[in-house]
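Heads up, the thing below is written out as structure tokens.
What you see below is based on every heavy atom in this structure, not just the backbone, and it leaves out hydrogens, waters and symmetry mates. Treat the numbers as computed from the prediction; the structure is a model and nothing was measured.
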Amino acid sequence: MNKDINEKHLDVYENRFELFQDGESQVYYQGVQNEETKKRYNRINQALSNGYLEERYNSISEVDFNALSEENKRLLRNMVDGITSEVGRSLVGLAFLQLTIKSIEPNQSIRLHKGASKRGTFSWVEGISMRTIDSTYNTPFLREHGLLNLNSYGLFMTRSLAENYPYTSLYKAEMRGSFDDWIAIVDAIENNTMPPELGLCYMMALLRNRSERFQEQANKACSMIDKFKGESFDTIKNLIERFFSSTDYSARVFEVTMHCLLQAMDEMHFLGDADIVPLSQMRSANKKHGNVGDIELTENNIIFESWDAKYGKPYLRDELEELRDKLLTHPDVKVAGFVVDSAVDYRRDIVNRKNEVEVETATEINLFSFEEWVIYETSSVPTAQKNELAYRWLKAVVECFARKRTKKAPIDEPCDAWINDLINILM
């Protein structure tokens with residue numbers, strides 16, 4: 001029978017495995033660990049023993065995920081979203097482990113999950129005992145933080161993960177879960193198209209947001225919304241202001257709450273034919289993504305209104321220059337501006353430059369406090385419907401941070417602290 005040498009395949013020999021894929025070959029030798037692999041293995045264990053995972057977990061909110069491609073994010077989201085009570089947990093735990101290993105030791109292959117320093121058991125020369133690392137560090141960490149409900153003995157109690165073959169698309173053991181996404185992640189890590197530490201932190205954030213503990217708190221917050229039906233517009237607006245002014249990472253919350261007002265107006269059909277652009281990741285590069293501002297309205301996919309949330313930045317001279325550059329490449333924008341949580345700094349140079357940019361770009365530019373922006377956006381809402389709008393606004397805020405509106409507000413940051421703060425405010 002003729003064999004197509006270009007077809008992806010794995011050749012198994014007495015002392016080695018040869019993987020052929022994407023026009024390249026990789027050889028994995030069977031045998032006891034070599035000295036370099038032992039050193040890598042020791043460094044991995046040492047880093048984990050020194051709290052590597054805890055340090056990353058405690059600083060997730062500070063991570064900028066923009067260097068992670070949309071394809072990488074999609075793969076990681078698919079893995080986490082594919083978890084059910086029956087399937088998916090072990091593969092997600094394994095992907096988490098592989099991201100961890102590669103983050104600490106970039107030269108360690110994450111396809112080779114068995115390694116030993118003594119003869120008598122199966123081992124790859126450049127393989128490490130992933131089972132030992134998992135049971136000692138990985139699974140305990142995931143269980144302790146309620147991120148993944150794994151067997152306390154570790155994910156390799158799932159025997160299908162422990163076959164004596166490298167982790168490739170040709171791994172033939174029966175896998176329960178999103179195998180294609182998992183192996184695509186492995187390939188991406190190995191071919192350096194997924195930054196492993198960034199991928200690890202992103203998966204941490206995803207797991208944190210779906211954990212049972214978070215879901216309980218999120219549902220609790222959502223159940224508290226109804227008691228605000230009938231409350232006045234100003235009462236609810238003041239409550240929302242209190243939230244973004246007192247919680248952590250207020251800049252992001254400020255932006256989300258602004259977006260939520262437009263979501264509520266859209267639900268009540270006050271935006272006409274306009275569409276709200278879903279929120280972008282915080283600190284996203286607007287020019288790269290084609291955005292003008294944080295909150296945008298479009299008609300026929302053309303931006304006509306744009307707002308940038310500027311928490312704690314009342315002086316907007318540099319921001320006006322950036323806005324000018326964007327408007328010159330988006331001539332269809334009719335209204336644009338900045339919204340500050342406090343009073344805007346209206347010194348002469350700001351006013352003069354605003355007027356100049358308006359003339360140059362033929363765009364109405366507004367510099368608003370939060371109060372002024374709310375009045376501007378809701379000016380067309382009949383007084384009799386203002387209280388209903390406020391209730392829907394609050395509902396949108398809570399549901400966004402409860403991750404119930406991920407298509408409109410795909411918030412990648414961990415939301416548990418925000419939900420807890422909301423609960424305290426809603427009580």
Side-chain angles (χ1 to χ4, degrees), residues 1-46 48 90-91 93-139 151 153-194 196:
M1 182 169 66
N2 292 329
K3 179 179 178 180
D4 183 357
I5 61 171
N6 294 316
E7 183 181 0
K8 185 186 300 184
H9 61 282
L10 179 69
D11 290 342
V12 181
Y13 297 88
E14 185 175 357
N15 69 337
R16 70 189 187 280
F17 297 75
E18 293 189 20
L19 173 67
F20 296 84
Q21 65 177 8
D22 303 324
E24 297 181 356
S25 65
Q26 180 69 50
V27 180
Y28 305 112
Y29 287 96
Q30 186 176 330
V32 297
Q33 286 178 333
N34 62 25
E35 288 305 312
E36 281 304 310
T37 304
K38 288 179 184 178
K39 291 177 183 177
R40 289 196 298 269
Y41 185 54
N42 289 335
R43 286 194 292 265
I44 292 166
N45 279 285
Q46 188 64 53
L48 290 169
S90 293
L91 270 185
L94 178 54
F96 190 94
L97 172 64
Q98 291 169 305
L99 284 162
T100 300
I101 290 168
K102 204 71 169 182
S103 298
I104 298 170
E105 276 297 325
N107 292 325
Q108 176 58 47
S109 171
I110 55 167
R111 300 192 191 278
L112 308 180
H113 53 92
K114 292 188 177 185
S117 57
K118 296 180 181 180
R119 300 187 184 279
T121 59
F122 182 89
S123 169
W124 283 288
V125 171
E126 295 190 336
I128 59 175
S129 177
M130 289 190 187
R131 178 173 185 161
T132 301
I133 296 173
D134 172 66
S135 61
T136 307
Y137 303 107
N138 187 63
T139 286
N151 186 305
Y153 293 104
L155 60 91
F156 285 91
M157 293 300 289
T158 304
R159 296 300 305 164
S160 58
L161 300 181
E163 297 291 340
N164 295 343
Y165 293 94
Y167 288 143
T168 72
S169 60
L170 302 172
Y171 191 78
K172 297 301 184 183
E174 179 97 23
M175 302 293 244
R176 303 182 70 202
S178 187
F179 177 86
D180 290 342
D181 291 312
W182 166 63
I183 207 63
I185 290 168
V186 173
D187 287 345
I189 299 168
E190 285 292 277
N191 64 28
N192 297 316
T193 59
M194 179 183 290

task = Run the numbers on Leu94 and Asn138 for side chain to side chain contact (heavy atoms under 4.5 Å, CB included), then give the verdict.
result = CA-CA 9 Å; Leu94 178 54; Asn138 187 63; over 6 Å; no
message = I'd like to know whether Phe156 forms a side chain to side chain contact (heavy atoms under 4.5 Å, CB included) with Ser135, so could you lay out the CA-CA distance, the side-chain angles of the two residues, the decisive distance to 0.1 Å, and finally the verdict.
response = CA-CA 8 Å; Phe156 285 91; Ser135 61; over 6 Å; no
ask   = Going through the checks in order, is the side chain to side chain contact (heavy atoms under 4.5 Å, CB included) test met by Val125 and Tyr28?
value = CA-CA 8 Å; Val125 171; Tyr28 305 112; over 6 Å; no
key: Arg111 and Phe17: CA distance, side-chain angles, deciding distance, side chain to side chain contact (heavy atoms under 4.5 Å, CB included) verdict   = CA-CA 12 Å; Arg111 300 192 191 278; Phe17 297 75; over 6 Å; no
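By the 4.5 Å heavy-atom criterion applied to side chains, Glu36 and Asn107 are not counted as neighbours. Using a 4.5 Å cut-off on side-chain heavy atoms (C-beta onward), Lys102 and Glu190 make contact. Considering only heavy atoms from C-beta on, Ile128 stays 4.5 Å or farther from Arg40 through its side chain. With contacts defined as side-chain heavy-atom distances shorter than 4.5 Å, the pair Lys39/Asn34 does not qualify. At a threshold of 4.5 Å between non-hydrogen side-chain atoms, the residues Met157 and Arg131 count as touching. With contacts defined as side-chain heavy-atom distances shorter than 4.5 Å, the pair Leu170/Leu19 qualifies. Using a 4.5 Å cut-off on side-chain heavy atoms (C-beta onward), Thr139 and Tyr153 make no contact. Contact of the Met194 side chain with the Leu99 side chain is registered, since non-hydrogen atoms from C-beta on lie closer than 4.5 Å.
Ring planes of His113 and Trp124: perpendicular class, angle over 60° (limits at 30 and 60°).
The heavy-atom pair separating Ser160 from Tyr171 by the smallest distance is O-OH, 2.7 Å. Nearest approach of Ser129 to Thr132, heavy atoms of both residues: OG-OG1, 2.7 Å. Taking every heavy atom of both residues into account, Ser123 and Ala116 meet most closely at OG-N, 2.9 Å. Listed here is the closest heavy atom pair of Leu112 and Pro166: CD2-CB, 4.2 Å. Nearest heavy atoms, Thr121 versus Lys118: OG1-O, 4.2 Å. Considering every non-hydrogen atom in both Lys38 and Ser117, the closest pair reads CE-CB, 3.7 Å.
In this structure, the separation between CD1 on Ile133 and CG on Leu97 is 6.5 Å, given to the nearest 0.5 Å. In this structure, Ile101 CD1 and Phe96 CZ are separated by 11.5 Å, a value rounded to the nearest 0.5 Å. Annotation: the span from Glu126 atom CD to Tyr41 atom OH amounts to 16.0 Å, rounded to 0.5 Å. Note that CD1 of Ile185 and OG1 of Thr193 are 11.0 Å apart. Values are rounded to the nearest 0.5 Å. Expressed to the nearest 0.5 Å, how far OH of Tyr13 lies from CD of Glu18 amounts to 4.5 Å. With rounding to the nearest 0.5 angstrom, the NZ atom of Lys114 is 12.0 Å from the CE atom of Met130.
Around the CZ atom of Phe122, the shell of radius 6.0 Å holds more than 12 heavy atoms that belong to other residues, nucleotides or ligands. Tyr137 OH: more than 12 foreign heavy atoms inside a 6.0 Å radius. No more than 12 heavy atoms of other residues, nucleotides or ligands sit less than 6.0 Å from atom OH of Tyr29.
Across Ile44, Ile110, Thr100, Asn42, a single residue satisfies side-chain contact (heavy atoms from CB on, under 4.5 Å) together with Glu105, and that is Ile44.
Between the Asp134 side chain and the Gly154 main chain, no donor and acceptor come within less than 3.5 Å of each other. Checked by atom type and distance alone, the side chain of Ser103 pairs as donor or acceptor with a backbone atom of Pro196 at under 3.5 Å.
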